[in-house]
Amino acid sequence: MYNDTVLDHFANPRNVGSIPDADGLGISGNPVDGDKITIYIKVQQNVLTAVKFKTFGCGAAIAASSMLTVLATGKTLSEALKITNADVAEALGGLPEQKLLCSNIAADALYAAINDYTNKNTNLTDSKATAAILFETENAEPALSEKIEGLTDANQIKRYLRHIIMPDIGGRGQKKLLDTRMLVCAADAESCDLLLRYLTAIGIGHIHCHFESKAGWELALQTLNDLNPDVTFQFADDFVTDADLTIIIGNTDYATRTTGLLLNSSSPKISPTFISVNEAWQGCFGLCQNRNELTVFLNDIEKKGFSAQNDCNDKHFSDQLGLLLSSCFVGTLLAIEAVKSRLNIGVPLTDIFYFDLVNHSFDNHFSTSDQVFVEFGLSSYESEINNKLTDANILTIGAGGLGCPANLVLAKAGVNKLSLIDFDHVEISNLNRQILHSTATIGLLKVESAKQALEAMNPDLEVTTYSGAFSKENAREIIKKHDLVIDGLDNLPTRYLLNDVCYFEKKPLVEAGALAYYGQVTTLVPDEGPCFRCLFPETNNQTAGSCSETGVLGPVPGVMGVLEAIEAIKLIIGIPATLKGSLLMIDALETSFDRFTFRKDEDCPLCGKHPTIHELGDFTFVCETAHTNANE
């Protein structure tokens, strides 16, 4: 969409920040897309000696603000007032027509800052003096700001677009991730599959893998290399002592043994280390900075009931399934924690984080809480669990950031009939989060790309694809063929459509959303609890959101997609502890999981006592572009 100059100013914006003692401040915004630009100026002898900006918005808004500061710095006030939005766009080498509205607020903010300066300046009370200053013809050579070190490769900027747009990551943060050396310790590649996929997708540049077994490594390496060729991999026979970050992930026996080996290693230095202990349906992890903290972690988890005797290697299939789901969930979450640790964003993890996927219990102060290891008695589900998973026919609306991890987990769990609907094609900017796609499938329909990846994992898997938009015209015919539906959408109108058709066809719907570092997930079962409209009532002045790019850290929709798959599996098996009537909200910056209950709205126009919706309505997304039903 953007040329190289725009991408450069987007990834490496000049003059970002505020001026504490600014002589003038101007704010402008685009209410349609939510873009906002703040310009700060410093003035000496009627010359703009410094121009800085802060912005919240799409790539065009960021690039335009950056270029504006370059054009304006060193200009007299009168010259700066002659800079137009068209000048900014021309200096950038042109902008797509649909993005001009996003960039056309940059010069407006500059005008507002100059106006603020003239209004505040006590020496400019006389209108004639003001006019003389604003329209003087003094020339000054522009002093271009020093370029901020960041990403310069256009393909990398496109690949990590959704990261770069977030101010606390940006081009410099992504460059730091690409320069990171990480050590991953696991029993084998399969036991840390989602962790490796997301570390690769988000651009952790150098990954060393220390596995007990090389089984499956060559196939995994091929998949990871195709997902992101920016990342290099090396199989490590021993601990990498100079890694920036280490992750140890596995069951209690593996995690404790490997941590013990690390403690007893001869290396004088131990890098910051995440230890993740996974068992059936539950687990915990912590961040340790030194040998003492490693020892404390091992003592704490032993006191909480995690021990080698809990390992589920020789137990029921339900335990094996629970261990798989724990590994997928925590692997995705650890990728987020790795970014937070490397870039110093969010709230540092100071205690052990514990999760229970059966009861939706999450505790980020595990060592000091009353929560302990739980022995789940799920053997009563054992006799039919395989048949139920094999026979289930699950539909996912969207093969993007939510749909990819959800279907990957379902396929691993043994669901043999999966269906995907998506109209879109794979783009390079999808690959920071959509882990079923790859560099080789750029340009391919997402449903076909996902089908290839899923069937490569399991040749017995039956994947049905619908390569078109989900609409009023096809919704009921498609939904009625399936047992359960997973929502992988990212726009509100289509979610209302999906909710309504699932209610009319009496199909359970697992619904989730993700944005930036935040997500939410719930389960909607017709006539057994509230529907989507009960939780998010439709209003007359409701907008469908923005068409501009929205930042999202790649593994965040991954966590939500994994949770959707877990909810679907529990519904299939018949485990009653689902999110029906509950909304689970996640703040990844704080590693916080909060569950809220909500009731059926008796006045709901769809499922209430006196419904007024009896057929599918027309839902129009506000941006009629190629991305009308864009998926996460």
Side-chain angles (χ1 to χ4, degrees), residues 388-399 402-403 406-407 410 415-423 447 462-513 521-538 561 564-565 567-574 576 578-583 598 600-621 629 631:
K388 286 182 176 180
L389 288 173
T390 302
D391 294 342
N393 193 352
I394 299 178
L395 169 69
T396 302
I397 314 295
L402 296 169
N407 281 270
L410 291 172
V415 177
N416 277 355
K417 296 176 184 177
L418 297 173
S419 296
L420 293 165
I421 179 169
D422 198 311
F423 72 94
V447 291
E462 180 183 329
V463 180
T464 302
T465 62
Y466 300 89
S467 56
F470 183 70
S471 66
K472 172 185 175 181
E473 288 70 30
N474 62 19
R476 296 195 74 152
E477 187 62 30
I478 294 174
I479 295 291
K480 69 173 56 175
K481 299 176 183 177
H482 300 86
D483 303 315
L484 182 147
V485 182
I486 291 176
D487 174 12
L489 296 162
D490 73 348
N491 75 79
L492 194 56
T494 316
R495 280 181 168 155
Y496 284 123
L497 172 62
L498 180 57
N499 172 74
D500 295 357
V501 71
C502 286
Y503 180 78
F504 289 139
E505 295 295 335
K506 305 305 177 187
K507 303 293 184 181
L509 170 63
V510 183
E511 205 281 337
V521 60
T522 186
T523 294
L524 309 170
V525 183
D527 299 326
E528 294 184 21
C531 75
F532 187 77
R533 290 179 178 274
C534 297
L535 182 58
F536 301 107
E538 190 176 14
E564 284 187 295
E567 278 295 287
I569 289 168
K570 288 162 70 174
L571 286 167
I572 293 166
I573 296 172
T578 67
L579 287 171
K580 182 175 67 177
S582 297
L583 181 69
F598 65 103
K600 187 172 183 175
D601 181 2
E602 299 298 338
D603 296 323
C604 176
L606 180 69
C607 68
K609 289 184 177 180
H610 305 288
T612 57
I613 299 175
H614 303 287
E615 59 183 21
L616 297 181
D618 292 313
F619 297 91
T620 304
F621 193 42
N629 285 337
N631 307 115

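Between Val501 and Lys480 there is no side-chain heavy-atom pair separated by less than 4.5 Å. Here the side chains of Phe598 and Thr522 are in contact, with some heavy-atom distance below 4.5 Å. By the 4.5 Å heavy-atom criterion applied to side chains, Leu498 and Ile479 are counted as neighbours. Annotation: side chain of Leu606 is in contact with side chain of Asp500 (closest heavy-atom distance under 4.5 Å).
Under the rule for a side-chain contact (heavy atoms from CB on, under 4.5 Å), the partners of Leu484 that lie at least two apart in sequence or sit in another chain are Ile394, Ile486, Pro508, Val510, Ala568, Leu571. When the side-chain contact (heavy atoms from CB on, under 4.5 Å) test is applied to Lys417, the partners found at least two apart in sequence or on another chain are Asn393, Glu462. Evaluation of the side chain to side chain donor-acceptor pair (under 3.5 Å) rule for Glu511 yields Arg495 as partners, not counting sequence neighbours. Every residue was checked against the side chain to side chain donor-acceptor pair (under 3.5 Å) condition with Lys481, not counting sequence neighbours, and none meets it. When the side-chain contact (heavy atoms from CB on, under 4.5 Å) test is applied to Thr390, the partners found at least two apart in sequence or on another chain are Asn416. Here Lys506 pairs with Asp527 under the side chain to side chain donor-acceptor pair (under 3.5 Å) rule; sequence neighbours left out. For the side chain to side chain donor-acceptor pair (under 3.5 Å) test, residues two or more places apart in sequence or in another chain that qualify with Ser582 are Arg595. Here Glu528 pairs with Lys580 under the salt bridge (charged side-chain N to carboxylate O under 4.0 Å, His left out) rule; sequence neighbours left out. For Lys600, there are no salt bridge (charged side-chain N to carboxylate O under 4.0 Å, His left out) partners at least two apart in sequence or on another chain.
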